[in-house]
2 protein chains.
Amino acid sequence: MNEHVHETADLTKNQTLVMGALTRSKGPLSAYTILDQLRDNGFRAPLQVYRALDKLVEFGLVHRLESLNAFVACRHPGCDGDDTIAFMICERCGQVNEITDTALAMRLKQLAGEASFALKKTTIELRGICRTCQVA
Amino acid sequence: MNEHVHETADLTKNQTLVMGALTRSKGPLSAYTILDQLRDNGFRAPLQVYRALDKLVEFGLVHRLESLNAFVACRHPGCDGDDTIAFMICERCGQVNEITDTALAMRLKQLAGEASFALKKTTIELRGICRTCQVA
DNA sequence: GTATGTGACGTTATCTCATTACAAGATTGC
DNA sequence: GCAATCTTGTAATGAGATAACGTCACATAC
(Lines give C-alpha, C1' and ligand atoms only; values in the text may rest on other atoms or scores of the structure.)
Protein backbone atom coordinates (compact mmCIF):
# COMPACT_ATOMS: atom_id res chain seq x y z
CA MET A 1 0.00 0.00 0.00
CA ASN A 2 1.41 3.27 -1.09
CA GLU A 3 1.41 6.49 0.82
CA HIS A 4 -1.83 8.40 0.63
CA VAL A 5 -3.44 6.29 -1.98
CA HIS A 6 -6.48 8.46 -2.01
CA GLU A 7 -5.82 11.66 -3.84
CA THR A 8 -8.21 14.48 -4.46
CA ALA A 9 -9.67 12.72 -7.44
CA ASP A 10 -10.94 9.87 -5.30
CA LEU A 11 -12.81 12.08 -2.91
CA THR A 12 -16.47 12.92 -3.06
CA LYS A 13 -17.63 16.51 -3.13
CA ASN A 14 -18.22 16.72 0.59
CA GLN A 15 -14.97 14.99 1.40
CA THR A 16 -13.12 17.42 -0.85
CA LEU A 17 -14.72 20.40 0.83
CA VAL A 18 -13.89 19.16 4.32
CA MET A 19 -10.38 18.28 3.27
CA GLY A 20 -9.98 21.75 1.84
CA ALA A 21 -11.08 23.40 5.06
CA LEU A 22 -8.58 21.37 7.03
CA THR A 23 -5.78 21.99 4.58
CA ARG A 24 -6.37 25.72 4.61
CA SER A 25 -6.36 25.84 8.39
CA LYS A 26 -3.17 26.40 10.35
CA GLY A 27 -4.31 24.28 13.23
CA PRO A 28 -6.83 21.61 14.10
CA LEU A 29 -10.52 22.23 13.53
CA SER A 30 -13.55 20.85 15.30
CA ALA A 31 -16.31 19.28 13.27
CA TYR A 32 -18.63 22.15 14.05
CA THR A 33 -16.07 24.76 13.05
CA ILE A 34 -15.74 22.99 9.73
CA LEU A 35 -19.51 22.96 9.43
CA ASP A 36 -19.66 26.72 9.93
CA GLN A 37 -16.97 27.28 7.33
CA LEU A 38 -18.84 25.22 4.80
CA ARG A 39 -22.34 26.60 5.24
CA ASP A 40 -21.93 28.63 2.07
CA ASN A 41 -21.14 25.40 0.28
CA GLY A 42 -24.44 23.91 1.25
CA PHE A 43 -23.49 22.19 4.48
CA ARG A 44 -26.33 22.25 6.95
CA ALA A 45 -25.87 19.41 9.46
CA PRO A 46 -23.02 18.01 11.55
CA LEU A 47 -23.45 14.61 10.05
CA GLN A 48 -22.31 15.82 6.67
CA VAL A 49 -19.03 16.79 8.26
CA TYR A 50 -18.67 13.69 10.38
CA ARG A 51 -19.31 11.38 7.48
CA ALA A 52 -16.64 13.07 5.40
CA LEU A 53 -14.23 13.08 8.34
CA ASP A 54 -14.74 9.38 8.95
CA LYS A 55 -13.70 8.60 5.43
CA LEU A 56 -10.79 11.00 5.40
CA VAL A 57 -9.48 9.50 8.63
CA GLU A 58 -9.93 6.05 7.14
CA PHE A 59 -7.91 7.12 4.09
CA GLY A 60 -5.19 8.46 6.34
CA LEU A 61 -5.55 11.98 5.02
CA VAL A 62 -6.80 13.35 8.31
CA HIS A 63 -5.98 12.60 11.90
CA ARG A 64 -8.20 12.93 14.88
CA LEU A 65 -6.77 14.55 17.97
CA GLU A 66 -8.42 12.79 20.87
CA SER A 67 -7.38 15.23 23.53
CA LEU A 68 -8.84 18.09 21.54
CA ASN A 69 -11.86 16.50 19.91
CA ALA A 70 -10.61 18.02 16.71
CA PHE A 71 -9.11 17.09 13.38
CA VAL A 72 -6.01 17.97 11.38
CA ALA A 73 -4.96 17.37 7.82
CA CYS A 74 -2.03 15.00 7.70
CA ARG A 75 1.11 17.04 7.13
CA HIS A 76 3.29 14.03 7.11
CA PRO A 77 3.24 12.37 3.72
CA GLY A 78 5.27 9.41 4.90
CA CYS A 79 2.60 7.93 7.11
CA ASP A 80 0.80 5.02 5.58
CA GLY A 81 -1.91 4.60 8.11
CA ASP A 82 -0.21 1.80 9.89
CA ASP A 83 2.26 4.18 11.42
CA THR A 84 2.55 5.19 15.01
CA ILE A 85 2.22 8.92 14.97
CA ALA A 86 2.85 11.32 17.79
CA PHE A 87 1.44 14.81 17.92
CA MET A 88 2.97 17.79 19.64
CA ILE A 89 0.22 20.23 20.37
CA CYS A 90 1.07 23.77 21.39
CA GLU A 91 -1.36 25.02 23.98
CA ARG A 92 -0.60 28.62 23.17
CA CYS A 93 -0.80 28.88 19.40
CA GLY A 94 -2.70 25.69 18.73
CA GLN A 95 -0.29 24.47 16.10
CA VAL A 96 0.18 20.76 15.79
CA ASN A 97 3.34 18.98 14.85
CA GLU A 98 3.22 15.48 13.57
CA ILE A 99 6.15 13.18 14.18
CA THR A 100 6.97 9.57 13.62
CA ASP A 101 9.78 7.90 15.45
CA THR A 102 10.91 4.38 14.92
CA ALA A 103 12.31 3.88 18.41
CA LEU A 104 9.03 5.04 19.91
CA ALA A 105 6.94 2.82 17.68
CA MET A 106 9.16 -0.18 18.34
CA ARG A 107 9.00 0.26 22.09
CA LEU A 108 5.23 0.50 22.06
CA LYS A 109 4.91 -2.58 19.91
CA GLN A 110 7.25 -4.39 22.24
CA LEU A 111 5.29 -3.41 25.31
CA ALA A 112 2.08 -4.54 23.68
CA GLY A 113 3.73 -7.78 22.67
CA GLU A 114 4.94 -8.48 26.18
CA ALA A 115 1.39 -8.14 27.44
CA SER A 116 0.02 -10.20 24.56
CA PHE A 117 -2.03 -7.20 23.64
CA ALA A 118 -3.24 -7.14 20.04
CA LEU A 119 -2.51 -3.55 19.19
CA LYS A 120 -4.87 -1.86 16.77
CA LYS A 121 -4.32 1.83 17.15
CA THR A 122 -2.08 4.06 19.17
CA THR A 123 -2.73 7.58 20.30
CA ILE A 124 0.18 9.72 21.37
CA GLU A 125 -0.43 13.37 22.09
CA LEU A 126 2.05 15.69 23.73
CA ARG A 127 0.76 18.94 25.18
CA GLY A 128 3.03 21.84 25.85
CA ILE A 129 4.45 25.03 24.41
CA CYS A 130 6.21 25.05 21.07
CA ARG A 131 9.57 26.69 20.47
CA THR A 132 8.11 29.73 18.74
CA CYS A 133 5.70 30.47 21.55
CA GLN A 134 8.35 30.13 24.23
CA VAL A 135 10.47 32.99 22.97
CA ALA A 136 7.44 35.18 22.45
CA MET B 1 6.47 14.42 46.76
CA ASN B 2 5.35 11.00 47.79
CA GLU B 3 3.10 8.69 45.89
CA HIS B 4 -0.57 9.41 46.25
CA VAL B 5 -0.29 11.99 48.92
CA HIS B 6 -3.99 12.43 49.10
CA GLU B 7 -5.58 9.57 50.91
CA THR B 8 -9.21 9.08 51.60
CA ALA B 9 -9.03 11.29 54.63
CA ASP B 10 -8.15 14.32 52.54
CA LEU B 11 -11.08 13.96 50.23
CA THR B 12 -14.36 15.78 50.50
CA LYS B 13 -17.62 13.93 50.59
CA ASN B 14 -18.27 14.25 46.87
CA GLN B 15 -14.74 13.37 45.97
CA THR B 16 -14.95 10.27 48.14
CA LEU B 17 -18.17 9.18 46.48
CA VAL B 18 -16.81 9.63 42.98
CA MET B 19 -13.58 7.89 43.92
CA GLY B 20 -15.59 5.02 45.33
CA ALA B 21 -17.58 4.60 42.15
CA LEU B 22 -14.40 4.47 40.09
CA THR B 23 -12.68 2.07 42.46
CA ARG B 24 -15.63 -0.29 42.44
CA SER B 25 -15.77 -0.31 38.67
CA LYS B 26 -13.79 -2.79 36.64
CA GLY B 27 -13.32 -0.41 33.78
CA PRO B 28 -13.42 3.28 32.99
CA LEU B 29 -16.56 5.28 33.68
CA SER B 30 -17.93 8.35 31.99
CA ALA B 31 -18.87 11.33 34.10
CA TYR B 32 -22.53 10.78 33.34
CA THR B 33 -22.38 7.13 34.29
CA ILE B 34 -20.88 8.15 37.60
CA LEU B 35 -23.64 10.71 37.99
CA ASP B 36 -26.28 8.04 37.50
CA GLN B 37 -24.60 5.76 40.01
CA LEU B 38 -24.55 8.51 42.60
CA ARG B 39 -28.07 9.84 42.25
CA ASP B 40 -29.06 7.99 45.39
CA ASN B 41 -26.29 9.80 47.18
CA GLY B 42 -27.73 13.15 46.31
CA PHE B 43 -25.94 13.85 43.08
CA ARG B 44 -28.13 15.76 40.68
CA ALA B 45 -25.95 17.62 38.19
CA PRO B 46 -22.94 16.80 36.02
CA LEU B 47 -20.95 19.59 37.54
CA GLN B 48 -20.85 17.84 40.87
CA VAL B 49 -19.12 14.93 39.20
CA TYR B 50 -16.82 17.03 37.07
CA ARG B 51 -15.66 19.11 40.02
CA ALA B 52 -14.79 16.01 41.98
CA LEU B 53 -13.08 14.45 38.98
CA ASP B 54 -10.98 17.55 38.40
CA LYS B 55 -9.61 17.32 41.90
CA LEU B 56 -9.06 13.59 41.81
CA VAL B 57 -7.16 13.91 38.56
CA GLU B 58 -5.16 16.74 40.06
CA PHE B 59 -4.31 14.53 43.04
CA GLY B 60 -3.22 11.77 40.69
CA LEU B 61 -5.82 9.35 42.00
CA VAL B 62 -7.72 9.26 38.76
CA HIS B 63 -6.70 9.36 35.12
CA ARG B 64 -8.66 10.66 32.23
CA LEU B 65 -8.78 8.58 29.09
CA GLU B 66 -8.95 11.03 26.22
CA SER B 67 -9.87 8.55 23.55
CA LEU B 68 -12.81 7.37 25.62
CA ASN B 69 -13.97 10.52 27.34
CA ALA B 70 -13.92 8.52 30.51
CA PHE B 71 -12.09 8.16 33.78
CA VAL B 72 -10.31 5.38 35.66
CA ALA B 73 -9.03 5.05 39.17
CA CYS B 74 -5.26 4.83 39.21
CA ARG B 75 -4.26 1.19 39.66
CA HIS B 76 -0.63 1.97 39.58
CA PRO B 77 0.58 3.18 42.96
CA GLY B 78 4.01 4.09 41.64
CA CYS B 79 2.92 7.01 39.55
CA ASP B 80 3.60 10.36 41.12
CA GLY B 81 1.74 12.53 38.66
CA ASP B 82 4.82 13.56 36.76
CA ASP B 83 5.04 10.17 35.19
CA THR B 84 4.46 9.29 31.60
CA ILE B 85 1.74 6.72 31.69
CA ALA B 86 0.52 4.55 28.85
CA PHE B 87 -2.86 2.88 28.83
CA MET B 88 -3.75 -0.33 27.08
CA ILE B 89 -7.47 -0.32 26.48
CA CYS B 90 -9.21 -3.50 25.46
CA GLU B 91 -11.96 -2.77 22.98
CA ARG B 92 -13.77 -5.98 23.78
CA CYS B 93 -13.95 -6.11 27.56
CA GLY B 94 -13.22 -2.47 28.30
CA GLN B 95 -10.51 -3.21 30.81
CA VAL B 96 -7.70 -0.76 31.07
CA ASN B 97 -4.12 -1.57 31.87
CA GLU B 98 -1.84 1.12 33.12
CA ILE B 99 1.86 0.90 32.36
CA THR B 100 4.91 3.05 32.86
CA ASP B 101 8.05 2.46 30.91
CA THR B 102 11.25 4.36 31.32
CA ALA B 103 12.47 3.85 27.78
CA LEU B 104 9.22 5.17 26.43
CA ALA B 105 9.20 8.18 28.70
CA MET B 106 12.83 8.99 27.90
CA ARG B 107 12.28 8.81 24.18
CA LEU B 108 9.31 11.11 24.35
CA LYS B 109 11.19 13.61 26.44
CA GLN B 110 14.06 13.45 24.01
CA LEU B 111 11.82 14.04 21.03
CA ALA B 112 10.25 16.99 22.76
CA GLY B 113 13.68 18.31 23.65
CA GLU B 114 14.91 18.07 20.09
CA ALA B 115 11.97 20.17 18.97
CA SER B 116 12.44 22.61 21.86
CA PHE B 117 8.94 21.72 22.88
CA ALA B 118 8.15 22.43 26.54
CA LEU B 119 6.35 19.26 27.43
CA LYS B 120 3.56 19.56 29.97
CA LYS B 121 1.52 16.43 29.62
CA THR B 122 1.63 13.30 27.56
CA THR B 123 -1.25 11.12 26.50
CA ILE B 124 -0.53 7.58 25.37
CA GLU B 125 -3.44 5.28 24.72
CA LEU B 126 -3.20 1.93 23.01
CA ARG B 127 -6.36 0.39 21.64
CA GLY B 128 -6.65 -3.29 20.91
CA ILE B 129 -7.65 -6.65 22.33
CA CYS B 130 -6.23 -7.89 25.60
CA ARG B 131 -4.81 -11.34 26.11
CA THR B 132 -7.84 -12.67 27.91
CA CYS B 133 -10.24 -11.58 25.19
CA GLN B 134 -8.13 -13.03 22.41
CA VAL B 135 -8.42 -16.60 23.63
CA ALA B 136 -12.12 -16.24 24.27
C1' DG C 1 -16.15 39.21 67.18
C1' DT C 2 -16.48 40.91 62.91
C1' DA C 3 -14.57 41.25 58.45
C1' DT C 4 -12.66 39.07 54.67
C1' DG C 5 -10.97 35.41 51.79
C1' DT C 6 -11.21 30.82 50.18
C1' DG C 7 -12.85 26.54 48.78
C1' DA C 8 -16.55 23.27 48.26
C1' DC C 9 -21.28 22.87 47.07
C1' DG C 10 -25.91 23.13 44.54
C1' DT C 11 -28.79 24.51 40.56
C1' DT C 12 -30.02 26.06 36.08
C1' DA C 13 -28.99 26.89 31.68
C1' DT C 14 -26.21 26.46 27.91
C1' DC C 15 -22.59 24.98 24.95
C1' DT C 16 -19.91 21.61 22.34
C1' DC C 17 -19.35 17.10 20.39
C1' DA C 18 -21.36 13.00 18.16
C1' DT C 19 -24.85 9.60 16.65
C1' DT C 20 -29.44 7.41 15.43
C1' DA C 21 -33.05 7.03 12.30
C1' DC C 22 -35.25 7.70 8.09
C1' DA C 23 -35.80 9.06 3.25
C1' DA C 24 -33.98 10.27 -1.27
C1' DG C 25 -30.51 10.14 -5.14
C1' DA C 26 -26.69 8.32 -7.56
C1' DT C 27 -23.74 4.44 -9.36
C1' DT C 28 -22.39 0.07 -10.55
C1' DG C 29 -23.14 -4.73 -11.99
C1' DC C 30 -26.10 -7.99 -13.85
C1' DG D 1 -34.58 -2.42 -16.16
C1' DC D 2 -33.59 -3.94 -11.54
C1' DA D 3 -31.08 -4.86 -7.41
C1' DA D 4 -27.34 -3.80 -4.49
C1' DT D 5 -24.63 -0.50 -2.65
C1' DC D 6 -22.93 3.95 -1.56
C1' DT D 7 -23.41 8.81 -0.79
C1' DT D 8 -26.39 12.43 0.55
C1' DG D 9 -29.81 15.40 3.15
C1' DT D 10 -32.56 16.42 7.25
C1' DA D 11 -34.40 16.19 11.79
C1' DA D 12 -34.06 14.75 16.24
C1' DT D 13 -31.62 13.31 20.07
C1' DG D 14 -27.91 11.57 22.99
C1' DA D 15 -23.52 12.36 25.35
C1' DG D 16 -19.86 15.26 27.21
C1' DA D 17 -18.53 19.60 29.41
C1' DT D 18 -18.78 24.31 31.13
C1' DA D 19 -20.61 29.14 32.42
C1' DA D 20 -22.85 31.86 35.62
C1' DC D 21 -25.26 32.33 39.35
C1' DG D 22 -25.74 32.07 44.59
C1' DT D 23 -24.90 29.73 49.10
C1' DC D 24 -22.48 27.72 52.93
C1' DA D 25 -18.62 26.36 56.01
C1' DC D 26 -14.36 27.44 57.65
C1' DA D 27 -10.15 29.72 58.11
C1' DT D 28 -7.25 33.84 59.19
C1' DA D 29 -6.52 38.85 60.11
C1' DC D 30 -7.62 42.75 62.36
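Owing to the predicted nature of the structure, the values given are computational and were not obtained by experimental measurement.
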- Cluster partners of Val135(A), using ILVMFWY side-chain heavy atoms under 4.5 angstrom, listed by chain and number? none
- Task: Describe the nucleic acid contact of Ala31(A) in one word from base, sugar-phosphate, nothing, applying a heavy-atom distance below 4.0 Å.
- Result: nothing
- Side-chain donor-acceptor contact under 3.5 Å, Glu125(A) with Ser67(A): yes
- Message: Rounded to the nearest 0.5 Å, what separates atom CZ in Arg24(A) from atom CG in Leu29(A)?
- Response: 9.5 Å
- Query: End-to-end bend of the helix from dG1(C)-dC30(D) to dC30(C)-dG1(D) (five-pair axes, 10° rounding)?
  - Reply: 30°
- Task: Take atom NZ of Lys13(B) and atom P of dC9(C), then tell me their distance rounded to the nearest Å.
- Result: 8 Å
- Message: I'd like to know if the side chain of Gln134(B) pairs up with that of Arg131(B) as donor and acceptor (distance under 3.5 Å, no hydrogens or angles considered).
- Response: no
- Between Glu66(A) (CD) and dA18(C) (C1'), how many Å, whole number? 13 Å
- Could you state the interatomic distance from OG1 (Thr123(B)) to CD1 (Ile124(A)), rounded to the nearest 0.5 Å? 10.5 Å
Please write out the pairs of protein N or O atoms and N or O atoms of nucleotides 19-29 of chain C separated by less than 3.5 Å, giving the distance to one decimal.
none

- Note on the structure: Rounding to 0.5 Å, atoms CD (Glu114(A)) and CD1 (Ile99(B)) come to a distance of 8.5 Å
- Pairs in or reaching into residues 85-95 of chain A: which pass salt bridge (Lys or Arg N to Asp or Glu O under 4.0 Å), with residues at least two apart or in two chains? Glu91(A)-Arg127(A), Glu91(A)-Lys120(B)
- Task: Find which nucleotide of DNA chain D each of Thr33(B) and Lys55(A) is nearest to by heavy atoms, and output the residue with the more 5' nucleotide.
- Result: Lys55(A)
- Item | Interatomic distance, Asn14(B) CG vs dT11(C) P [rounded to whole Å] | 11 Å
- 5' to 3' contact window, DNA chain D with chain B (heavy-atom distance under 4.0 Å): dG16(D) to dA20(D)
- To the nearest 0.5 Å, how far apart are NZ in Lys121(B) and CD1 in Ile85(B)? 9.5 Å
- Message: Could you tell me how far apart Leu29(A) (CG) and dT16(C) (P) are, to the nearest whole angstrom?
- Response: 15 Å
- Atom CG of Asn41(B) and atom P of dC9(C) are separated, to the nearest Å, by 13 Å
For residues 41-57 of chain B, which side-chain N or O atoms pair as donor and acceptor with protein atoms under 3.5 Å away, sequence neighbours left out?
| unit_1 | atom_1 | unit_2 | atom_2 | d |
| --- | --- | --- | --- | --- |
| Gln48(B) | OE1 | Arg44(B) | N | 2.6 |
| Gln48(B) | OE1 | Ala45(B) | N | 2.9 |

- Looking at Asn69(A), does any N or O in its side chain come under 4.0 Å of the phosphate oxygens OP1/OP2 on dT16(C)? no
- Path from Leu65(A) to Leu108(B) over hydrophobic side-chain contacts below 4.5 Å: no
- Note on the structure: Here the distance between atom C1' of dC9(C) and atom CG of Leu53(B), to the nearest Å, is 15 Å
- Message: Please report the interatomic distance CD1(Ile34(A)) to CE(Met19(A)), rounded to the nearest 0.5 Å.
- Response: 10.0 Å
- Note on the structure: Out of dT11(C), dC17(C), dA18(C), minimum distance to the side chain of Phe71(A) belongs to dA18(C)
